[in-house]
Amino acid sequence: MNTDRSDHGTPRVGHVKEVTSLTNPIVKDIRSLAQKKHRDETRSFMAEGLKLVIDALDLGWKIKVLVYAKAAKGKPQVDQVAAKTVAKGGLVLEVSEKVLSTITRRDNPQMVVGIFEQRYRALRDVRPEAGETYVALDRVRDPGNLGTIIRTADAAGASGIILLGETTDPFSLETVRATMGSVFAMPVARARVEEFIKWQKAAGVRVVATHLAGSVDYRTIDYKSKPVVLLMGNEQAGLPEELAREAGALARIPQAGRADSLNLAIATGIMLFEARRHLLSLDAGA
């Protein structure tokens, strides 16, 4: 996203500008972030809500543009975030509610929106240590599932997400919304299947995969002796044989009802909290 403009009164980096027109070039750029192609080209994404923007800045994420509604002007936290954005070389736009609704594609939008630089972790830099848990997802398709898994992994104290193959975009608007801010706290890596197989053999991890052919009750697996990678399959096709045969354990979650499968995010949540049960307590986050 190019925010370094100065022609015809268009905002410059570090500049605060009031915008009411839907045809403003920066507004058009922000609206294009709904498209994956534009997100990839600009390495940018959108996050909605003052709390999310504050959390992202606190965690060191690079903010490119801060957008807030006129009604939010003068509120201490909004002013502080605006000052931080300008200090970090970002652009601040004060916009009408109509512009904000168009940007967020919501009738009742959040009063504050941040445009941030995407951040991926290289798989080669992931070196699991004792007590750590990672979630590897093979070709996850649904943005809601991915966002919920990122949020759940954050809540369970996992150390990262590894996306395998052609997955949905972790920085799409739908995914970011579903993470409820955890996208800023949970490192995400991307890798080809071959890279993952090579990495897990050298990383000293226990790979636990859920599989329909699994014969091991997920509650009986040793999650303590090594760092754990929970390997979860695609929503429709499950885990391919290429990955299943690399797992140290093929697990199943016992079911008693008529449903023949679980939602991917639900199944991942069950596995996560079991894998980390020995590390969690009610006062751990106090």
Side-chain angles (χ1 to χ4, degrees), residues 1-36 38-39 41-119 143-144 147-148 150-151 169-185:
M1 171 173 293
N2 179 17
T3 58
D4 191 11
R5 308 186 188 201
S6 57
D7 299 343
H8 311 297
T10 306
R12 296 184 302 272
V13 169
H15 188 67
V16 182
K17 177 75 174 178
E18 183 177 347
V19 175
T20 57
S21 172
L22 298 178
T23 61
N24 180 280
I26 301 297
V27 171
K28 285 185 173 181
D29 277 351
I30 294 172
R31 290 176 64 189
S32 337
L33 292 176
Q35 303 163 14
K36 185 178 187 302
H38 193 69
R39 290 194 299 274
E41 287 173 351
T42 62
R43 299 187 68 243
S44 306
F45 71 102
M46 183 191 307
E48 303 167 80
L50 179 60
K51 182 182 183 302
L52 266 65
V53 172
I54 290 172
D55 289 347
L57 290 173
D58 286 347
L59 289 168
W61 285 69
K62 180 179 178 180
I63 188 166
K64 295 184 173 184
V65 185
L66 177 74
V67 185
Y68 65 81
K70 287 183 181 181
K73 185 178 181 179
K75 295 185 177 181
Q77 285 188 308
V78 174
D79 288 348
Q80 288 169 17
V81 168
K84 278 188 180 181
T85 300
V86 171
K88 291 177 179 292
L91 173 68
V92 178
L93 299 182
E94 179 185 318
V95 303
S96 64
E97 188 169 328
K98 183 179 180 181
V99 170
L100 203 55
S101 292
T102 303
I103 285 173
T104 61
R105 299 170 183 257
R106 286 180 185 260
D107 291 334
N108 297 298
Q110 297 270 0
M111 301 292 275
V112 177
V113 169
I115 309 303
F116 292 90
E117 185 175 285
Q118 294 182 11
R119 183 189 293 178
T148 301
I150 291 172
R151 181 183 179 186
D169 186 358
F171 297 112
S172 73
L173 193 55
E174 297 85 354
T175 304
V176 172
R177 280 174 179 161
T179 72
M180 297 293 287
S182 290
V183 67
F184 296 114

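For the pair T104 and R177, the tightest heavy-atom approach, listed with the atom from each and the gap, is O-NH2, 2.6 Å. Counting all heavy atoms, side chain and backbone alike, V65 lies closest to I30 at CG1-CD1, 4.1 Å. In terms of heavy-atom proximity, K64 sits nearest to T42 at NZ-O, 2.8 Å. In plain terms, the two heavy atoms of V53 and V113 that are nearest each other are CG2-C, 4.2 Å. For the residue pair I63 and G114, the shortest heavy atom distance occurs at CD1-CA, 4.4 Å. Across L173 and M46, no two heavy atoms sit closer than the pair CD1-SD, 3.9 Å.
To the nearest 0.5 Å, the span separating CE on M180 from CD1 on I150 amounts to 14.0 Å. Distance check: S172 OG to L33 CG gives 11.5 Å after rounding to the nearest 0.5 Å. Rounded to the nearest 0.5 angstrom, K70 NZ and E94 CD are separated by 6.5 Å. Considering CG of L52 and CG of L57, their distance stands at 11.0 Å, rounded to 0.5 Å. Here the CG-OG distance, from L22 to S101, works out to 9.5 Å after rounding to the nearest 0.5 Å. Atom-to-atom distance recorded for K51:NZ and D55:CG is 3.5 Å, nearest 0.5 angstrom.
In this structure, the side chains of L66 and L93 stay at 4.5 Å or more apart for every pair of heavy atoms. Inter-residue side-chain proximity for K62 and R119 is flagged as unmet; no heavy-atom pair is nearer than 4.5 Å. I103 is listed as a side-chain neighbour of V67, based on a closest heavy-atom distance under 4.5 Å. Residues D58 and K84 form a side-chain contact, since some pair of their non-hydrogen atoms from C-beta on lies under 4.5 Å apart. Within the 4.5 Å cutoff, the side chain of T175 has no heavy atoms near those of the D169 side chain.
In this structure, F45 and F171 have tilted ring planes: the angle between them lies in the 30° to 60° band.
Within a 6.0 Å sphere centred on CD of E97, heavy atoms belonging to other residues, nucleotides or ligands number 12 at most. Counting non-hydrogen atoms of neighbouring residues, nucleotides and ligands closer than 6.0 angstrom, the CE atom of M111 exceeds 12 such neighbours. Around CD of Q77, the count of heavy atoms belonging to other residues, nucleotides or ligands within 6.0 Å does not exceed 12.
Not counting sequence neighbours, the partners of R106 by the side chain to side chain donor-acceptor pair (under 3.5 Å) test are E48. F116 is linked by a ring pair (Phe, Tyr, Trp, His ring centres under 6.0 Å) to F184, counting only residues two or more places apart in sequence or in another chain.
Counting only residues at least two apart or on different chains, no ring pair (Phe, Tyr, Trp, His ring centres under 6.0 Å) pair has a member in residues 77-112.
Counting only distance, with no hydrogens or angles, the side chain of Q118 and the backbone of S44 share a donor-acceptor pair below 3.5 Å.
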Test I26 against L91 for side-chain contact (heavy atoms from CB on, under 4.5 Å), laying out the working first. CA-CA 10 Å; I26 301 297; L91 173 68; 3.9 Å; yes
